[in-house]
Amino acid sequence: MKILDFDSRVFLAPMAGITDKPLRRLTASFGGGVMVSEMVAVNSLSRRNPKSYRIADVRDENYPVVVQLVGADPEIFARAVELISELGAHSIDINMGCPVKKIVANKSGSYLMKDLPLAAEIIKTAIRSTTLPVSVKFRTGWDHNSINAVDFARMCEDCGASYLTVHGRTRSDFYSGNADWEQIAAVKAAVNIPVIGNGDVTSPQRAGEMLEQTGVDAVMIGRAALGAPWLIAQTHAFLEQGTDPGPVPVALVKQALLTHIKGLVEYYGEKIALGLSRKYVCWYCKNFRDARRFRENYVRINNFPDAYAEINRYFDSCANQQED
Ligand SMILES: Cc1cc2nc3c(=O)[nH]c(=O)nc-3n(C[C@H](O)[C@H](O)[C@H](O)COP(=O)(O)O)c2cc1C
């Protein structure tokens with residue numbers, strides 16, 4: 001089943017503090033895949049808080065972006081959704097899976113899996129307040145004694161959601177243990193709207209396995225894409241053309257990291273970008289030799305000329321060693 005008018009069955013998962021505009025741009029530049037924003041809090045967005053407004057503003061991106069909202073109050077949701085509609089979003093996703101304590105304490109994120117009437121009111125109000133399609137992302141339940149993904153999915157469908165994303169873990173799992181693909185398959189079998197499967201897709205091949213084992217219409221990839229922005233496009237190509245990408249050349253990894261950092265500088269300015277780049281550098285070098293020493297050197301650097309020099313030195317030495 002096709003998901004809206006997207007031309008891919010591979011979604012980049014929303015990840016707060018990570019899937020920002022620079023990363024979406026870079027990921028999309030490899031060709032193929034659907035980009036989802038970081039979650040945006042409806043309370044601050046509806047007050048036009050500049051930071052939230054900027055995160056939600058995707059008008060200058062030339063590929064479809066699903067903007068994700070998180071919150072608990074239907075009326076505030078309505079105001080945020082109206083605003084989003086003017087900010088270039090392709091469609092709107094509602095976060096009903098975030099396990100973070102602060103979010104849950106606010107009756108948002110995965111708390112809503114315990115309060116179906118409130119979740120239903122939020123979904124219906126959001127749909128009434130926009131002409132854009134509205135989807136919902138959730139988990140398999142609150143904990144292992146209260147797995148309710150199938151009932152929750154049916155409720156979302158009854159409220160008019162366009163499609164669903166199921167992360168195969170409960171709130172109490174956070175990110176540990178294996179994702180429960182059987183629950184994902186059960187959700188797919190229970191509803192007539194498209195379903196995206198999420199959790200533990202770590203390679204193009206695993207994406208193919210998830211489609212086969214669960215029957216879902218698309219897959220969503222999160223952590224495996226950290227430091228690997230090409231993975232979404234590679235997975236798309238593998239699913240659509242059967243092309244096996246093989247290992248990524250070191251030169252491409254270096255180039256992707258440098259482009260990523262350049263995007264961070266343009267978007268956040270040098271000071272913030274340098275701090276953020278430390279997190280990304282760790283991910284980009286994770287499969288290479290002497291990564292630990294490189295990371296230790298990099299985090300001590302406090303200016304961009306040195307940062308670029310260290311990245312060039314490290315990855316060029318990895319490339320030379322690969323050729324030996
Ligand atoms: C650092 C981080 C931030 C996340 N932020 C969000 C978020 O803002 N919204 C959301 O729905 N899920 C969020 N998630 C969950 C992911 O979208 C995804 O459901 C989860 O990582 C499982 O997929 P994976 O096994 O492919 O990583 C986040 C996950 C991580 C690791």
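All figures in this text were calculated on a predicted structure; none of them were measured in a lab. One-based numbering along the sequence shown. As the structure lists them, so they are numbered: ligands from 1, and atoms in each ligand from 1.
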**Message:** Tell me which one of N62, D60, T259 satisfies side-chain contact (heavy atoms from CB on, under 4.5 Å) with R25.
**Reply:** D60
Quick one: do the [X] and [Y] side chains pair a donor with an acceptor below 3.5 Å?
X	Y	answer
Y163	S91	no
T130	S85	yes
S135	D93	yes

Distance from [atom] to nearest protein heavy atom, with residue and atom:
atom	result
atom 17 (O) of ligand 1	P14 O, 2.8 Å
atom 18 (C) of ligand 1	N198 OD1, 3.3 Å
atom 31 (C) of ligand 1	R223 CG, 3.7 Å
atom 3 (C) of ligand 1	A16 N, 3.4 Å
atom 15 (C) of ligand 1	Y175 OH, 3.5 Å
atom 1 (C) of ligand 1	I18 CD1, 3.6 Å
atom 26 (O) of ligand 1	G222 N, 2.8 Å
atom 11 (O) of ligand 1	Q68 NE2, 2.8 Å

**Message:** Tell me whether ligand 1 is touched by C98 - counting only heavy atoms on the residue side and a distance under 4.0 Å.
**Reply:** no
**Atom pair NZ (K137) and CE (M220), whose distance is rounded to the nearest 0.5 Å** = 6.0 Å
Ligand 1 to [X] polar contact by distance, N or O atoms, under 3.5 Å:
X	result
A13	no
M220	no
K137	yes

**Numbering as shown, the atoms of ligand 1 that approach N95 to under 4.0 Å (heavy-atom distance)** = 9 (N), 10 (C), 11 (O)
**Prompt:** If you count the atoms of ligand 1 from 1 in the order shown, which ones are under 4.0 Å from a heavy atom of M39?
**Reply:** 8 (O)
**Message:** Between F6 and H90, is the ring centroid distance below 6.0 Å?
**Reply:** yes
**Message:** Are F315 and F288, when compared by the centres of their aromatic rings, separated by less than 6.0 Å?
**Reply:** yes
**Message:** Ring-plane angle category for F30 and W230, please: parallel below 30°, perpendicular beyond 60°, tilted otherwise.
**Reply:** perpendicular
**Request:** Pick one of side chain, backbone, both or neither for how M15 approaches ligand 1, counting any non-hydrogen atom pair under 4.0 Å.
**Result:** both
**Prompt:** Just checking, R293 and Y298: is the charged tip under 6.0 Å from the six-membered ring centre and within 45° of the axis?
**Reply:** no
**Message:** Taking R139 first and then D173, would you say they form a salt bridge - that is, a charged N and a carboxylate O separated by under 4.0 Å?
**Reply:** no
